[in-house]
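Beneath this line is the structure, given in structure tokens, with notes to follow.
Sequence positions, counted from 1, serve as the residue numbers for this chain.
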Amino acid sequence: MKQDEVTCIGGITVYGASSDRIDSIYTDAARALGQEIARAGRPLVCGGGRYGIMGAATEGVLAAGGEAIGVIPGFMVERGWENPALSKMIVTDGMHSRKKTMATLSIAAIACPGGIGTFEELTEIITWRELGLWSGNIVILDTDGYYTPLLEMLGKAASLGFMRSGHQALWSVAHTPEEAVKMALMPSKD
């Protein structure tokens, strides 16, 4: 599928680490998240990588009979970073079009633990929602308290007037994969 042919398919985007050096508590949660997405009858939309959170979520959704759609920039495919187990792969011309394509395919986004790329994806989709550019639900899966410092920072930003306190209603926080999928599929707060 070409990136210019993409329309919403009711997927759930999962953001998360592509590292294979992370503790199994995070990959186990991502695998369970993939299974929950499949049980909900939704396709998983992810960054298309083979390792870490992305790889584990893909394993989980496929093991439960679901569909895994990877959206990956061409330069990553050239480096062999794509997951060969994906049900479908969409190759984009860069990182910006990757994020736009993932959002277009999805009705919700769940941020699992990750590094700077995941933080950037999460904050961008929150910004898009705040600006009315995307209307899906955003869920932060706070596995083992991973996102507690970021959530505290966002609370501090609101309390000091750097963002409106109402902005915190743009996302929900879940502590289990089951809770994350339920929150993702709730009627939109808008």
Side-chain angles (χ1 to χ4, degrees), residues 10-40 42-64 66-73 76 81-83 85-87 89 95 98-103 105-129 134 136-154 168 170-186:
I12 297 177
T13 288
V14 172
Y15 303 126
S18 61
S19 173
D20 61 353
R21 299 177 308 271
I22 58 178
D23 192 282
S24 64
I25 191 170
Y26 303 113
T27 52
D28 290 347
R31 200 169 289 106
L33 179 63
Q35 292 170 347
E36 289 298 320
I37 290 170
R39 283 195 266 283
R42 300 292 180 162
L44 165 73
V45 177
C46 67
R50 66 173 72 204
Y51 302 113
I53 300 288
M54 281 190 276
T58 297
E59 287 173 19
V61 78
L62 294 175
E67 181 180 18
I69 301 167
V71 183
I72 188 166
M76 290 184 177
W81 296 352
E82 77 278 9
N83 189 333
L86 293 166
S87 307
M89 184 171 64
M95 297 296 283
R98 176 198 212 184
K99 291 179 289 185
K100 181 180 178 188
T101 300
M102 290 170 73
L105 292 167
S106 300
I107 60 164
I110 300 174
C112 295
I116 196 70
T118 303
F119 300 151
E120 190 267 339
E121 289 168 326
L122 172 60
T123 56
E124 184 160 11
I125 202 70
I126 290 171
T127 302
W128 288 4
R129 176 125 189 245
W134 186 77
N137 288 331
I138 300 166
V139 181
I140 298 171
L141 180 52
D142 191 24
T143 303
D144 199 35
Y146 181 83
Y147 275 111
T148 300
L150 176 62
L151 294 166
E152 289 171 353
M153 183 66 221
L154 293 170
Q168 291 172 292
L170 295 171
W171 64 85
S172 300
V173 179
H175 299 284
T176 67
E178 299 83 7
E179 187 181 25
V181 173
K182 284 180 186 173
M183 288 175 171
L185 296 176
M186 290 176 70

If you look at every heavy atom in [X] and [Y], which pair is closest and at what distance?
{"X": "Gly11", "Y": "Val45", "answer": "CA-CG2, 4.2 Å"}
{"X": "Ile125", "Y": "Ile138", "answer": "O-CD1, 3.6 Å"}
{"X": "Gly52", "Y": "Ile22", "answer": "CA-CD1, 4.3 Å"}
{"X": "Gly66", "Y": "Ser87", "answer": "O-OG, 4.3 Å"}

Just do the side-chain contact (heavy atoms from CB on, under 4.5 Å) check on Tyr15 and Met102 with the steps written out, would you?
CA-CA 10 Å; Tyr15 303 126; Met102 290 170 73; 4.0 Å; yes

Give, for atom [atom1] of [X] and atom [atom2] of [Y], the distance between the pair rounded to the nearest 0.5 Å.
{"X": "Glu178", "Y": "Leu141", "atom1": "CD", "atom2": "CG", "answer": "9.5 Å"}
{"X": "Trp134", "Y": "Glu124", "atom1": "CH2", "atom2": "CD", "answer": "12.0 Å"}
{"X": "Gln35", "Y": "Leu44", "atom1": "CD", "atom2": "CG", "answer": "12.0 Å"}
{"X": "Thr101", "Y": "Ile69", "atom1": "OG1", "atom2": "CD1", "answer": "11.5 Å"}
{"X": "Glu120", "Y": "Ile116", "atom1": "CD", "atom2": "CD1", "answer": "8.5 Å"}
{"X": "Asn83", "Y": "Leu86", "atom1": "CG", "atom2": "CG", "answer": "4.5 Å"}

*Could you go step by step and tell me if Thr118 and Cys112 meet the side-chain contact (heavy atoms from CB on, under 4.5 Å) rule?*
CA-CA 8 Å; Thr118 303; Cys112 295; over 6 Å; no

Is the backbone of [Y] close enough, under 3.5 Å, to the side chain of [X] for a donor and an acceptor to pair up by distance?
{"X": "Ser106", "Y": "Ala103", "result": "no"}
{"X": "Arg39", "Y": "Ala64", "result": "no"}
{"X": "Asp142", "Y": "Tyr147", "result": "yes"}
{"X": "Thr13", "Y": "Ala109", "result": "no"}
{"X": "Arg98", "Y": "Val71", "result": "yes"}

(request) Any chance you could lay out the salt bridge (charged side-chain N to carboxylate O under 4.0 Å, His left out) test for Lys99 and Glu121, step after step, and finish with the verdict? (result) CA-CA 7 Å; Lys99 291 179 289 185; Glu121 289 168 326; over 6 Å; no

Between Ile140 and Ile110, is the side-chain contact (heavy atoms from CB on, under 4.5 Å) condition met? List the steps. CA-CA 6 Å; Ile140 298 171; Ile110 300 174; over 6 Å; no

Check whether any side-chain heavy atom of [X] lies under 4.5 Å from a side-chain heavy atom of [Y], and answer yes or no.
{"X": "Lys100", "Y": "Trp128", "answer": "yes"}
{"X": "Ile72", "Y": "Met89", "answer": "yes"}
{"X": "Asp28", "Y": "Thr143", "answer": "no"}
{"X": "Leu185", "Y": "Ile12", "answer": "yes"}
{"X": "Thr58", "Y": "Cys46", "answer": "yes"}
{"X": "Arg129", "Y": "Asn137", "answer": "yes"}
{"X": "Leu122", "Y": "Trp171", "answer": "no"}
{"X": "Tyr26", "Y": "Pro113", "answer": "yes"}

Val139/Val173 under side-chain contact (heavy atoms from CB on, under 4.5 Å): CA gap, chis, key distance, verdict = CA-CA 6 Å; Val139 181; Val173 179; over 6 Å; no

Can you tell me if OH on Tyr146 sees more than 12 non-hydrogen neighbours from other groups inside 6.0 Å? yes

message = Any salt bridge linking Glu179 with Lys182? Criterion: basic side-chain nitrogen under 4.0 Å from a carboxylate oxygen.
response = no

